Amino acid sequence: MKKKMQTQAFANLIGALIFSAISVWALIQTTDFQEIKHSFVQPALFPQIMAIGMLVFSLVLMIQSIIKLVKLDENDPLSQPAASLNFVKHKGVLAALIVMALCIFFVATFESLGYVLVSILVSLVVMWLIGKRNIAQMLLVSVLVPLGMWLIFYKVLTVNIPMGPLTFLRDLIDMI
C-alpha cells in the first residue's frame with residue numbers, strides 16, 4: 001500500500017480531490033451573485049461554467065487515478081514515484097508558490113490600489129520569474145496591457161473596474 005501512495009497516480013488522485021473541493025466551493029460562491037433583470041446572461045454564468053468544467057475534469061482525473069491505483073502496472077508511467085514538491089530543489093515549485101502569493105496580493109490590493117497598478121506590479125514580477133530581462137519590453141507590456149484591458153472593460157463592456165489612485169484616468173477617458 002505504501003508503494004501505491006508514492007506513485008504519480010496517487011498524486012493525481014490527491015490533486016483531483018483538492019480541485020473538486022475548490023470547484024464545489026466556487027459553485028457555491030456563485031449563488032450569491034446579483035441577478036440582472038431582463039438579461040439572459042447573468043454575472044454568475046461564466047464562473048459557473050468554469051467551476052463545472054473544473055469539477056468535470058477533476059472527476060475524470062479522479063476516476064482515472066483510482067483505476068490506475070487498482071490495476072497498478074510496473075510499466076505504466078503513472079506507477080513511477082511522484083515528483084517532490086521541495087521548493088529548495090526545484091525552482092519551478094518556488095516560482096509557483098510566488099505566483100500563488102502574487103494572486104493573494106492581487107486580490108488583497110485590488111480595491112485599494114486598483115486594477116491597473118496591481119496588474120502592472122504582478123505582471124512585472126511574473127515576467128521576471130519566467131526569465132524576461134528586457135526592462136523596456138517588461139515595462140511596455142506591464143503598463144500597456146493592463147491599461148488596454150481596463151479600457152476595453154470600461155468603454156466596450158461598460159464594466160466599472162476599481163482604479164485606486166488612477167481614478168483620474170477614468171475622468172480623462174470620459175472627457176474624450
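When a residue number appears, it is its place in the shown sequence, counting from 1. Not measured: the values here are computed from a predicted model.
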Original post:
Who else is in the cluster with F40 when I, L, V, M, F, W and Y are joined by side-chain contacts under 4.5 Å?
Top reply: V41, L45, I49
**OP:** Locate the shortest heavy-atom distance separating A16 from S58; write the atom from each residue and the value.
**Re:** CB-O, 3.4 Å
Subject >> Between OG on residue S65 and CG on residue L17, distance to nearest 0.5 Å >> reply: 8.5 Å
Original post:
If you group Ile, Leu, Val, Met, Phe, Trp and Tyr by side-chain heavy-atom gaps below 4.5 Å, do L157 and I36 land in one group?
Top reply: no
Original post:
Rounded to the nearest 0.5 Å, what separation is found between the CZ atom of F19 and the CZ atom of F57?
Top reply: 13.5 Å
Subject >> Under 3.5 Å: donor-acceptor pair, side chain of R170, backbone of Y154 >> reply: no
Original post:
Is there side-chain contact between V145 and M149, with heavy atoms separated by less than 4.5 Å?
Top reply: yes
**OP:** Find the distance between CG (L124) and CD1 (I135) and round it off to the nearest 0.5 Å.
**Re:** 8.5 Å
Original post:
Do F153 and V143 sit in the same hydrophobic cluster, where Ile, Leu, Val, Met, Phe, Trp and Tyr count as joined when their side-chain heavy atoms come under 4.5 Å apart?
Top reply: yes
**OP:** Say whether, by atom type as modelled, one donor and one acceptor occur between the side chain of T31 and the main chain of I28 under 3.5 angstrom.
**Re:** yes
Subject >> Same cluster (ILVMFWY, side-chain, under 4.5 Å), L151 and L147 >> reply: yes
**OP:** Measure the shortest side-chain to side-chain distance between S142 and M127 over non-hydrogen atoms and say whether it is less than 4.5 angstrom.
**Re:** yes
Original post:
Does a sphere of radius 6.0 Å around NZ in K155 hold more than 12 heavy atoms from other residues, nucleotides or ligands, not counting ones at 6.0 Å or beyond?
Top reply: yes
Original post:
What is the minimum heavy-atom distance between P165 and L117, and which atoms define it?
Top reply: CG-CD1, 3.6 Å
Original post:
F10 versus T7: any side-chain heavy-atom pair under 4.5 Å?
Top reply: yes
Subject >> Cluster overlap V107 with M50, hydrophobic side-chain contacts below 4.5 Å >> reply: no
**OP:** Compare all side-chain heavy atoms of S20 with those of L55 and state whether any distance is below 4.5 angstrom.
**Re:** yes
Original post:
So do the side chains of M138 and K132 get within less than 4.5 Å of each other, counting heavy atoms only?
Top reply: yes
Subject >> Geometric class of the F106/F110 ring pair [parallel <30°, tilted 30-60°, perpendicular >60°] >> reply: tilted
Original post:
In Å, rounded to the nearest 0.5 Å, how long is the span from CG of L61 to CD1 of I66?
Top reply: 10.0 Å
**OP:** Flag yes if I173 and L166 sit in one hydrophobic cluster, no otherwise; membership is Ile, Leu, Val, Met, Phe, Trp, Tyr, and two members link when side-chain heavy atoms are under 4.5 Å apart.
**Re:** yes
Original post:
What residues join L140 in its hydrophobic cluster, counting side-chain heavy atom gaps under 4.5 Å, either direct or through other members?
Top reply: L144
Subject >> Donor-acceptor contact present, side-chain S123 to main-chain I120, <3.5 Å >> reply: yes
Original post:
Is a side-chain donor or acceptor of Q42 paired with a backbone partner of S39 at a separation under 3.5 angstrom?
Top reply: yes
Original post:
For F33, does the CZ atom have more than 12 heavy-atom neighbours from other residues, nucleotides or ligands under 6.0 Å away?
Top reply: yes
Subject >> Spatial distance of atom CG (N160) from atom CH2 (W150) [nearest 0.5 Å] >> reply: 9.0 Å
Subject >> Separation between CE of M62 and CG of N12, rounded to the nearest 0.5 Å >> reply: 11.5 Å
Original post:
Checking T167 side chain against M163 main chain: does a donor-acceptor pair fall under 3.5 Å?
Top reply: no
